[in-house]
Amino acid sequence: IIFYTKRIHTLCNNGQTEKALKMLRLMEDTNNLVPDAVTYNTLIKGLCNSGQLELALQLVHQMQAKGCSPNVITFTTLIHGLSTAGKVDSALQLLGHMGRYGILPNTITYTALIQGLCSVGELDKALEVLSHMTALGGDCAPNVVTYSQIIHGLCKGGLCDVGFEILHEMRLRGCRANRVTYTALIHGLSQVGDFSRACVLINQMVAMGSQPDKITFNAIIDGLVKAGDVDHARDMVGAMWASGAAPD
RNA sequence: GGGCAAAGUCGU
């Protein structure tokens with residue numbers, strides 16, 4: 001069964017969902033194997049990634065019909081799929097249904113939801129979810145991914161200042177910002193031409209032990225070029241070499 | 001300790 005699940009995983013990653021579904025039938029019908037939650041979750045993710053949300057939801061019913069209970073990963077995968085497709089209402093609804101199955105959302109589940117809220121511009125709601133997570137704590141406490149993601153969303157929505165507040169908040173709560181966190185904020189600042197604060201952040205991240213990488217530099221160089229400041233962009237390319245990241 | 005879920009830049 002692990003063997004089949006691995007094959008299904010590979011097929012899904014190659015976008016071969018048809019074949020993956022056939023593989024599921026093959027293992028059930030001709031091999032009398034019983035797929036478990038991991039098998040179904042793998043397929044559900046594949047279907048979500050290829051935009052076949054309906055089929056993914058059907059598969060959840062199918063697994064239940066066969067006596068396999070969905071778990072928190074099943075729901076998180078679906079919520080992520082719905083969020084990515086911009087169907088945040090459905091994602092929220094699904095979150096509400098989880099309780100009926102006796103399954104509690106965790107940090108990753110909420111983080112997937114925040115992703116969706118940000119992408120449709122519901123930043124206020126995303127911030128509400130973040131507070132809720134903080135209040136819940138434990139398994140639902142926001143982590144560095146949650147914070148990085150919401151900072152990214154805020155910056156995209158033009159709210160870099162709020163992004164800074166979140167950076168401070170995460171520090172207060174003992175969550176260390178990493179390269180992704182800083183890069184998201186640096187990118188936001190660069191896009192609005194606030195290079196001085198972007199540089200301050202670069203220095204901060206170095207001081208905190210995160211080296212800027214290619215993506216960090218690209219983010220700021222792109223901003224400089226868009227602002228027509230080619231000279232400083234060249235300087236940054238120099239700094240990029242100096243820090244051991246090769247421009248591409 | 002097994003196979004499954006979440007975050008950053010540019011590249012049409």
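This one's a predicted model, so the numbers in the text were calculated from it and none came from an experiment. In what follows, chains are A, B, ... by sequence order, proteins preceding strands, each numbered from 1.
In H61(A), the NE2 atom is not crowded: 12 or fewer heavy atoms of neighbouring residues, nucleotides or ligands sit closer than 6.0 Å.
Across the protein-nucleic acid pair, N71(A) atom CG and rC4(B) atom P stand 13 Å apart, rounded to whole Å. To the nearest angstrom, P of rC10(B) lies 6 Å from CG of D222(A). Summarising the geometry, the separation between CD1 on I44(A) and P on rA5(B) is reported as 13 Å, rounded to the nearest angstrom. Distance CD1 (I151(A)) to P (rA7(B)): 15 Å, rounded to an integer number of Å. At whole-Å resolution of the value, CD1 in I220(A) and P in rU9(B) are 14 Å apart. Between N178(A) atom CG and rU9(B) atom P the separation is 14 Å, expressed in whole Å. The nearest whole Å value for the distance from the CD1 atom in I79(A) to the P atom in rC4(B) is 20 Å. Whole-Å rounding puts the I186(A) CD1 to rU9(B) C1' distance at 11 Å.
Judged by atom type and distance alone, N41(A) does not reach the base of rG3(B) through any side-chain donor-acceptor pair under 3.5 Å. A donor and an acceptor atom sit less than 3.5 Å apart, one in the side chain of N106(A) and one in the base of rA5(B). Counting atom types as modelled, T181(A) pairs no side-chain N or O with a base atom of rG8(B) as donor and acceptor under 3.5 Å.
Closest to the side chain of I2(A), out of rG2(B), rA6(B), rU9(B), is rG2(B). Listed nucleotides rA7(B), rC10(B), rC4(B) differ in distance to H80(A); the shortest reach to its side chain belongs to rA7(B). The listed nucleotides are rG3(B), rA6(B), rU9(B); the one nearest the side chain of V38(A) is rG3(B). In this structure, of rG2(B), rU9(B), rA6(B), it is rA6(B) that holds the atom nearest to the side chain of Q149(A). For T42(A), taking side-chain heavy atoms from C-beta onward, the closest of the listed nucleotides rA5(B), rA7(B), rC4(B) is rC4(B). Considering only side-chain atoms of H187(A), the nucleotide from rA6(B), rC4(B), rU9(B) that sits closest is rU9(B). Distance from the side chain of T216(A) is smallest to rG8(B) among rG8(B), rC4(B), rG2(B).
A salt bridge is absent between E18(A) and K22(A); no separation between the charged side-chain nitrogens and carboxylate oxygens falls under 4.0 Å.
Ring pair F75(A)/Y101(A) is tilted by interplanar angle, where 30° to 60° counts as tilted.
Contacts of K226(A) with the nucleic acid, taken as non-hydrogen atoms under 4.0 Å apart, are absent. Across all strands shown, D248(A) has no heavy atoms under 4.0 Å from either base or sugar-phosphate atoms. Nucleic acid contact class of T39(A) (heavy atoms, under 4.0 Å, all strands): base.
Contacts of D139(A) classified as salt bridge (charged side-chain N to carboxylate O under 4.0 Å, His left out), with partners at least two apart in sequence or in another chain: none.
For K45(A), no side-chain nitrogen or oxygen approaches OP1 or OP2 of rG3(B) to under 4.0 Å.
Side-chain N or O atoms of N31(A) include none that pairs as donor or acceptor with a backbone N or O of L33(A) at under 3.5 Å. Although no hydrogens or angles enter the test, the distance criterion places no donor-acceptor pair under 3.5 Å between the side chain of N14(A) and the main chain of Q16(A).
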